[in-house]
*Asks:* 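Sharing a structure, written as structure tokens. Questions coming.
Reckoned from all heavy atoms, side chains included, excluding hydrogens, waters and symmetry mates.
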2 protein chains.
Amino acid sequence: MNNKSSHLRKYLEPAQGCVCFTIRKSARAITQLYEEALRPTGLRATQFTLLVATRVMGTVTISNLAKGLVMDRTTLTRNMKPLEKKGFIRILPGREDRREREVTLTLAGQKILSAALPLWKTVQQSVVESLGQNRVTRLMKDLSVTIQLAEAE
Amino acid sequence: MNNKSSHLRKYLEPAQGCVCFTIRKSARAITQLYEEALRPTGLRATQFTLLVATRVMGTVTISNLAKGLVMDRTTLTRNMKPLEKKGFIRILPGREDRREREVTLTLAGQKILSAALPLWKTVQQSVVESLGQNRVTRLMKDLSVTIQLAEAE
DNA sequence: TCATTTTATGTGTATATGCTCCTATTATTA
DNA sequence: TAATAATAGGAGCATATACACATAAAATGA
């Protein structure tokens with residue numbers, strides 16, 4: 001046994017068994033598929049998510065939206081920038097509380113979202129078919145528990 | 001039913017059922033836990049991963065390492081920069097093939113890795129305990145299948 | 001051998017991520 | 001009510017991510 005492999009055993013577990021690494025790797029992998037599918041719209045995976053979330057939540061503040069996305073508040077602010085620049089969302093000062101900033105989907109935002117929806121549906125169905133509905137359902141549940149772990153902090 | 005919610009139904013599935021969104025959200029959440037744990041070492045989650053991978057693979061080229069990590073080659077090149085700057089890895093031109101660049105762990109890299117290992121172990125065990133070993137095992141398997149989906153491209 | 005192709009890598013650009021420190025506004029309390 | 005605390009948000013900084021394009025070197029083929 002040479003010097004290189006003498007203590008390798010120690011590092012096989014953090015290499016292969018690390019929950020963080022595996023989830024991050026999977027995030028990179030799955031993002032490839034969705035971004036490939038959304039490319040005709042010019043939307044990134046995150047951007048599609050933000051538009052959908054804004055659509056579902058209606059007019060919403062930065063912090064509330066960030067909580068729902070388990071995303072840092074400052075990250076969300078910056079992620080909104082490209083969408084605002086393209087005119088898909090509008091950010092206005094809160095009327096009741098002037099500290100707040102209210103995010104709203106514009107008409108252009110609704111249009112791009114409508115265009116993106118069938119593309120999302122296609123790749124989503126493709127992924128569900130490849131993985132199998134049972135595995136997807138199970139995976140989503142298990143990931144939800146993982147997410148709650150961080151939310152509990 | 002007002003105008004706002006009239007077609008909301010369409011967007012509940014992409015909001016709650018999107019595999020990409022859920023995995024990415026989970027990646028953000030779990031990364032918080034591991035980076036919090038690794039903070040005393042000054043290593044980010046990705047950096048710890050890169051050091052471990054380099055340790056396990058021994059001297060390795062950028063492209064081969066990128067394949068193993070399911071990470072874009074150019075992403076890996078840039079991710080290596082902070083580690084190189086801190087002296088944890090060394091990148092040298094390939095001796096046989098001068099196009100290649102060989103990544104090696106330095107002594108300082110081995111030291112920081114040794115220091116980080118128990119911190120990783122603690123947070124990993126904590127996560128496994130919180131999620132339950134069964135769920136973790138299942139989750140890792142399901143995520144592996146997801147990763148293979150992108151590798152098949 | 002020399003032209004062509006393939007391979008390994010880097011750069012420019014844009015977005016994604018979150019921590020620390022800062023300001024403005026609202027809420028609380030002495 | 002005035003001082004203080006709490007809250008919402010932004011800016012600076014560093015890292016993470018990957019596509020398009022460019023370069024250098026090795027492999028291939030006529």
Side-chain angles (χ1 to χ4, degrees), chain A residues 20-21 23-36 38-39 42-51 60-67 69-86 88 91-103 150 153, chain B residues 20-21 23-36 38-39 42-51 60-67 69-86 88 91-103 150 153:
Chain A
C20 182
F21 170 54
I23 295 182
R24 287 178 68 88
K25 186 163 59 165
S26 174
R28 288 192 294 271
I30 199 80
T31 300
Q32 294 301 308
L33 299 179
Y34 280 76
E35 297 214 330
E36 167 71 26
L38 290 174
R39 202 151 290 155
L43 290 176
R44 305 289 296 266
T46 296
Q47 296 176 348
F48 176 75
T49 292
L50 294 190
L51 292 182
V60 64
T61 65
I62 298 283
S63 290
N64 283 337
L65 191 49
K67 272 173 204 151
L69 299 169
V70 192
M71 185 180 282
D72 189 85
R73 179 182 56 74
T74 67
T75 300
L76 179 58
T77 296
R78 289 175 215 267
N79 286 350
M80 284 300 187
K81 283 286 157 59
L83 293 174
E84 195 179 15
K85 205 165 91 180
K86 286 172 191 160
F88 297 152
I91 305 184
L92 298 171
R95 279 165 304 243
E96 296 184 5
D97 188 334
R98 280 179 304 170
R99 290 173 301 185
E100 294 180 344
R101 306 255 282 149
E102 294 173 350
V103 182
E153 291 294 296
Chain B
C20 182
F21 170 53
I23 294 182
R24 288 177 67 88
K25 187 164 56 166
S26 174
R28 287 193 294 270
I30 199 79
T31 299
Q32 293 302 307
L33 300 180
Y34 280 75
E35 298 213 329
E36 167 71 26
L38 290 174
R39 201 152 291 152
L43 290 175
R44 306 289 297 267
T46 297
Q47 296 176 347
F48 176 75
T49 293
L50 294 190
L51 293 182
V60 63
T61 65
I62 298 282
S63 289
N64 283 337
L65 191 49
K67 271 174 204 149
L69 299 169
V70 192
M71 185 180 283
D72 190 86
R73 179 184 56 73
T74 67
T75 300
L76 179 58
T77 296
R78 289 177 214 266
N79 286 351
M80 284 300 187
K81 283 286 158 60
L83 292 174
E84 195 180 13
K85 206 165 89 181
K86 287 172 191 160
F88 297 151
I91 306 184
L92 298 172
R95 278 167 304 244
E96 296 184 4
D97 187 333
R98 280 180 304 170
R99 290 172 302 184
E100 294 180 345
R101 307 254 282 147
E102 294 173 350
V103 182
E153 291 295 293

*Asks:* Excluding sequence neighbours, so at least two apart, what forms salt bridge (Lys or Arg N to Asp or Glu O under 4.0 Å) with A/Arg99?
*Replies:* A/Asp97
*Asks:* First contact, last contact: which nucleotides of DNA chain D are these for chain B, 5' to 3', heavy-atom distance under 4.0 Å?
*Replies:* D/dT15 to D/dA26
*Asks:* When A/Leu69 is tested against each of A/Leu76, A/Asn79, A/Thr46, A/Asn64 for side chain to side chain contact (heavy atoms under 4.5 Å, CB included), which residue passes?
*Replies:* A/Leu76
*Asks:* For A/Glu100, what residues pass the salt bridge (Lys or Arg N to Asp or Glu O under 4.0 Å) criterion, not counting sequence neighbours?
*Replies:* none
*Asks:* At less than 4.0 Å, is any side-chain N or O atom of B/Gln32 found next to OP1 or OP2 of C/dT17? Yes or no.
*Replies:* no
*Asks:* For B/Ser26, what residues pass the side-chain contact (heavy atoms from CB on, under 4.5 Å) criterion, not counting sequence neighbours?
*Replies:* A/Ile23, A/Leu143, A/Thr146, A/Ile147
*Asks:* What's the CD-P distance between B/Glu35 and C/dC19, to the nearest Å?
*Replies:* 8 Å
*Asks:* Using the test side chain to side chain donor-acceptor pair (under 3.5 Å), find all partners of A/Arg44 that sit at least two apart in sequence or belong to another chain.
*Replies:* A/Glu35
*Asks:* Do the charged groups of A/Lys81 and A/Glu84 touch, with an N to O distance under 4.0 Å?
*Replies:* no
*Asks:* Heavy atoms only, 4.0 Å cut-off, all strands: where does A/Gln47 land among base, sugar-phosphate and nothing?
*Replies:* sugar-phosphate
*Asks:* What string of B, S and - do you get for nucleotides 1-11 of chain C, 5' to 3', if B is base contact, S is sugar-phosphate-only contact and - is no contact with any protein heavy atom under 4.0 Å?
*Replies:* -----BBSBBB
*Asks:* Test of understanding: with side chain to side chain donor-acceptor pair (under 3.5 Å), list the residues that count as partners of A/Thr77, not counting sequence neighbours.
*Replies:* none
*Asks:* On DNA chain D, check which nucleotide each of A/Arg39 and B/Lys85 is closest to and give me the residue with the more 5' one.
*Replies:* B/Lys85
*Asks:* Run the side chain to side chain donor-acceptor pair (under 3.5 Å) test against B/Thr31 and tell me which residues pass, sequence neighbours left out.
*Replies:* A/Arg24
*Asks:* Rounded to the Å, how far apart are B/Leu43 CG and C/dG18 C1'?
*Replies:* 17 Å
*Asks:* If you compare every side-chain N and O of A/Asn79 against the phosphate oxygens of C/dT17 (OP1, OP2), does one of them come in below 4.0 Å?
*Replies:* yes
*Asks:* Check side chain to side chain donor-acceptor pair (under 3.5 Å) between B/Thr75 and all other residues, then give those that pass, not counting sequence neighbours.
*Replies:* none
*Asks:* Write down the distance between CG (A/Leu69) and C1' (C/dT17), rounded to a whole number of angstrom.
*Replies:* 13 Å
*Asks:* Are OP1 or OP2 of C/dT17 and a side-chain N or O of A/Thr75 less than 4.0 angstrom apart?
*Replies:* no
*Asks:* Within the pair B/Arg24 and C/dT17, is there a side-chain N or O less than 4.0 Å away from OP1 or OP2?
*Replies:* yes
*Asks:* Please figure out whether A/Arg44 or A/Glu96 has its closest DNA chain C nucleotide nearer the 5' end.
*Replies:* A/Arg44
